[in-house]
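All chains are named by letter (A, B, ...) in the order of the sequence lines, taking the proteins before the strands, and each is independently numbered beginning at 1. Predicted model, so just to flag it, every value in this text is computed and none were measured.
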Amino acid sequence: MKPFNKIGALLGAVAITLPLTLASCGKSEEKADPADLGTLTIMLPLIGGSGTAPAPDGEIHKAVEAFTGKKLEITWIPNANYGDRMNVTLASDNLPEVMVSQGKLPAFVQSAEAGAFWDLTNKLDSYPNLKAANKQIERNSSINGKVYGVFRGRDPMRAAVIVREDWLTKLGLKMPETVDDLYNVAKAFTENDPDGNGKKDTYGLIIPKWPAGYGSASPYDVVETWFGAPNGWGERNGKLVPGFDTEEFLAANRYMKKMITEGLVNPDYATFDSGKWEQPFFQGKGGIIVDVSSRGPSLLKLFKEKDAANYDSYVDLTGNLKGPDGKLRAFPTTGYNGFLAISKQSVPTEAELDDVLNVLNKLSSKEGQILLNNGIEGRNFTVQDGFAIGKPQDDPAVKTMTSDVSYFGQLGTATAGYQAYVGLPPGKAERAMYEKRLKFHKADEASAVHNPAQMIISKTQVAKGAQLDLIVSDARIKYFAGQIDEAGLKAEIKRWYDQGGQDIVNEMNEQYAKIKK
Amino acid sequence: MMTQVVRYRWLFVLLLPGLAYFAIFKYAPMYGVTIAFQDYLPFLGFTGSPWVGLKHFENLFSSPDFPRVLGNTLILAGLNAVFVFPAPIVVALLLNEVRLNVLKRAVQSAIYIPHFLSWTIVAALTYLLFALDVGPITQAMNSLFGERFDFLADPDWFRPLVVLQTLWKSTGWGTIIYLAALAGVDPNLYEAARIDGAGRWQQMWHVTLPAIRSTIVIMTILLAGNLLDTGFEQIYLLTNSLNRSVAEVFDTYVYFLGITQGAYSYSTAVGLFKAVVGIVLIYGVNWVARRFGQTGLF
C-alpha cells in the first residue's frame, strides 16, 4: 500500500467517526414531525416474568398498536435499574412522550416543578377511564396538590402476616391477632421445636435487609403502625410530626428489640438478602413473614412443588394485627404505584396532550385493561367464572404472548378501578387463600392509618430527605443490634432534626396548613 | 521549527486521532463540571441553570457528613497503600525465587483469575463465606476463638473485609508489571553478586530491589492519583445499616446524592473536590520522588 493510501484510509476513518461523535454530543435529534404523534414513545419498567422484554413485532405489542391506532416505541428498563435510569433520562434532553415515574423521586419532583411535565390537575376528569375512582389516591399521588401524572391504581391494602400453619398446628397455637400473639407465636416457634427434630434450630420472624430508609413499608414500619405510630407522618396537636418522633415509635421498637435480643428473629436481619426472603420460611428455619399478602400464594406455590398432596397445610395468612391496646390500626399502601407522566418537551401542545391522554384513556377501558393484563381472549387465555385461565404454553407463540402480557400491565393505569380478569387460582387452596386475602384487605381498609402528608413535598425533603431518612432507619437497626441504646436512638432522631429535619417539618406544616384550608 | 513540522507532517497527522480521542472523550465532557457551580436542573440545561458560585463547595465543607466521608475515604486509602500496594511486589519477588518454572506459571495463572471476576461476584462470595453463623469462614473462626463473629454487619470488620477482598482480587494481576521488570534484570549482576559471596537475601536486597526501584516509584505516583478512588461497587455491595458509619466513602456518597437523590450539582462538586485532591497528590508524590533522586512521572 502506498503511503498516500494509508493516510487516505486514516483520514477516511476520522471523517467517518467525527460526525458520529459530534452528532451524539449535540442536542436531541429532530423528530421526523413533532406535531404528528403517530408514534408514541414510552418508557416502562420491566418487572418479573422471564426477563426478556417484549419484542416490538410481538403479537401483544401489535395488538396494542392496533387497539390504540398508534405506533408504539417502548423502552423497557429492568426494574432494578429503573430509578437510576429515570434520573439519567431526566438529565438528558430527550424525554420519551410518556414515562412511568415510580413515585416522587427527587429528580422527578424538581423537573416537574420546573415545568418538564404536564400539569394534569382537573384535566383528567374529562376522560372517563382516567377519572380517579378514589380522589384521595389522586391527591396522594400529587405534588402539593398538583397532579403530574395518571396514577396507576393498586390495592389500597396489602399488609399481611404469613405464618407456617403446620408449625401452629403442631404446637397447638392459633393465628396471631394482636402484637402480643405475634410475640408469643414467635417465641414458641423459637423455643418449642416446631419442626420436631429435637434441636433448637428455628426462629420466629424472618426479616431481610431493607434497601430503603424510614417509611418504606418495611416490616418495622408496619409494626410501628400497629403500635399506633403515624404512617410516615401524622398529626399531633394539629401539627404534622414525623412518625419516628412519637412515643408509639419507641414502644414499637422496644418490642422489636425484645424479639431480636431474645433470638426470635433471624440473627442476620441487617444483612439478609431480601431476594431470598422466602427461603428460610420454605426450608423450615423461620416461621413468620410480615410482608404484602401476595407473598402468600408465592409461598404456597413453593410448597406445592415439594408436597403436592398436603401443600395446603403449610401457609396461613392474616391481615394487620391489633396493637397492645387491642385497637386495630392497619398499614395501607399509597393506593398507587407510580404514575404515567407526560413530557411537555416531547408533547408540546394541548391538542397533542389530548391525543396522548385519549390513548391512555382507551388503554384503561375494560377492553384495554384486558388486553394489557390478560392478553387476547381465545389466543393466550380463556375465561371461566370470571377468572382468566392461561392456555397451555407448549405453543411458543402463546408462551411469548404470556410473557409479554406480564409486562404490558405496566402501561395500564386502572385509575378508575381494575377491570381485567384475575388469573384463576390453580387449586382449591389457592382459591381459598385468594378469597381470604380479599376478605381481610376489605376488613382492614376501615382501620387504615393514612399518611396525611402523602401529597406534600417539601423542598428540603427533596434535597436531603433520602439521606436524612437513612439516619433514622440506620439508627433503628443499630438500636436492635445494641450498638446504641434508647438514649442513642433518641439522639439520632435529634440528629435528624439538626441536619435539616427541622426545615422539613416547618415546610411540611406550612404546606399542610395551606392544603387543609 | 516550521521546517520540522513540514518534514514530519505525516507523523503529526498520525497524532490527530489520538488528540481527537482525548479532546472528544476526555476534555469535552469536562465542560460538565460547570454544573458544580450552578443549581443545575436537567430541564433548564447547562445554559439555563442559575449560577451559584461556590455554594455547593461551602455546603460540602460545612456538612456534617464531610468529616466522616473524608475520614472513611482516607482510612481506606491508607489501608490500601499499606497493605494492598506492597502485596504484588512481595508476591512477584517470591515468584521470582521459584525455581520450578511449571510451578511458577501455574501459581501465576491461578492468582490472575480473581482479577476477571466482577465485584458483584466477589461480594456474593464474601456473603457466602462470611455469613453469620453459617458461612464456613465464620464457623471456623467461631470455633477457633469461641466468639460469635458477625463479619458482615460489625463495623469493625468492614475495613479488614474490604482490604481482604482487594488483596484477593488484585494482587495477582498487580504482579504482572513487577515480574516484567524482574525479567529485565541482567543475570550477570546475580552472577557477579554470587561470586562476591552474596546469599539469596543479599541478592534480593542489593540486586533485585534496586533493579525494580524505578518501577515501584512510578507505581507509587500512579497510586497517589487514584488514592481516593476506593471503588464504588465493592464498597456499595458491602454496606448495610450497621456498618454505614465506616463504609460511606466519596464514591458511594456521590452516587447516593447524585443518582438516587438527584442532587446533580452538589454531587458534581463532591466529585470535583475528589479529583482536585487526586491531582495534588500526584504532583506531591512526583515532587517527593524527584527530590530523592528518582525519575518521576514528569
Side-chain angles (χ1 to χ4, degrees), chain A residues 3 6-7 10-11 13-14 17-18 21-22 25 27 83-84 86-93 95 105-117 209-210 212-213 266-273 344-345 462-467 470 473-478 480-481 483 495 498-499, chain B residues 9-10 13-14 16-17 19-21 23-25 28-29 31-32 35 39-46 48-49 59 63-65 124 126-127 130-135 138 148 150-155 238-245 248 253 255-266:
Chain A
K6 279 187 199 163
I7 286 151
L10 186 73
L11 287 178
V14 173
T17 46
L18 215 59
T21 39
L22 288 181
C25 296
K27 282 267 164 191
D84 290 359
M86 167 109 186
N87 278 310
V88 174
T89 306
L90 288 173
S92 79
D93 46 15
L95 264 59
L105 292 177
F108 179 82
V109 173
Q110 289 171 354
S111 301
E113 291 195 324
F117 295 98
K209 170 183 174 181
W210 207 255
N266 53 314
D268 53 354
Y269 59 91
T271 51
F272 177 58
D273 179 5
K344 252 185 178 167
Q345 178 204 16
V462 171
K464 289 187 184 165
Q467 186 93 6
L470 270 188
S473 58
D474 279 359
R476 199 159 56 181
I477 303 280
K478 284 183 194 164
F480 297 148
Q483 275 188 20
R495 192 157 77 86
D498 293 342
Q499 293 201 1
Chain B
R9 58 194 178 281
W10 296 125
V13 171
L14 280 177
L16 278 178
L19 284 180
Y21 168 80
I24 294 167
F25 293 109
Y31 176 65
I35 70 171
D39 264 339
Y40 175 70
L41 260 183
F43 180 66
L44 301 173
F46 288 137
S49 298
N59 283 347
S63 152
D65 296 327
T126 312
Y127 270 77
F130 291 91
L132 181 65
D133 295 337
V134 292
T138 320
R148 188 167 182 232
D150 191 356
F151 292 105
L152 298 173
D154 188 342
L238 264 189
T239 306
N240 58 53
S241 292
L242 291 177
N243 63 20
R244 198 186 315 276
S245 51
E248 199 156 39
Y253 189 64
Y255 163 80
F256 196 73
L257 289 169
I259 304 292
T260 68
Q261 239 172 234
Y264 301 110
S265 289
Y266 184 64

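- Taken to the nearest 0.5 Å, the OG1 atom of B:T239 stands 7.0 Å off from the NZ atom of A:K209.
- With a threshold of 4.5 angstrom between heavy atoms, B:Y266 does not approach chain A through any atom at all.
- Only the side chain of B:L41 comes within less than 4.5 Å of a heavy atom of chain A; its backbone N, CA, C and O stay farther away.
- Rounded to the nearest 0.5 Å, atoms CD (A:Q110) and OH (B:Y40) are 11.0 Å apart.
- For a residue to count as touching a neighbouring chain, one of its non-hydrogen atoms must lie under 4.5 Å from one of that chain's; by this rule A:K464 touches chain B with the backbone only.
- Atoms CG and OG, on A:D474 and B:S245 in that order, are 8.0 Å from each other to the nearest 0.5 Å.
- Across all their heavy atoms, A:T271 and B:N240 have their closest contact at CG2-ND2, 3.0 Å.
- In this structure, CD on A:Q467 lies 5.5 Å from CD on B:E248, to the nearest 0.5 angstrom.
- Only the side chain of B:Y253 comes within less than 4.5 Å of a heavy atom in chain A; its backbone stays farther off.
- A 6.0 Å sphere centred on CZ of B:F46 holds more than 12 heavy atoms belonging to other residues, nucleotides or ligands.
- Contact record, A:D84 with B:Y255: OD2-OH, 3.4 Å, taken as the closest heavy-atom pair.
- Each of A:G465, A:S473, A:A116 has some count of heavy-atom pairs under 4.5 Å with chain B, and the biggest count is that of A:A116.
- In this structure, the side chains of B:F256 and A:L470 come closer than 4.5 Å at one or more pairs of heavy atoms.
- Taking CG from B:D133 and CG from A:D268, the interatomic distance works out to 7.5 Å, rounded to the nearest 0.5 Å.
- Exactly one of B:N243, B:L242, B:D154 qualifies for a side chain to side chain contact (heavy atoms under 4.5 Å, CB included) with A:Q483. That residue is B:L242.
- For the options A:R476, A:Q499, A:M86, heavy-atom pairs under 4.5 Å to chain B are most numerous at A:Q499.
- There is no contact between A:V109 and chain B, counting heavy-atom distances below 4.5 Å.
- Contact annotation for A:A463: only backbone heavy atoms (N, CA, C, O) come within less than 4.5 Å of a heavy atom of chain B.
- In this structure, no portion of A:L105 lies under 4.5 Å from any heavy atom of chain B.
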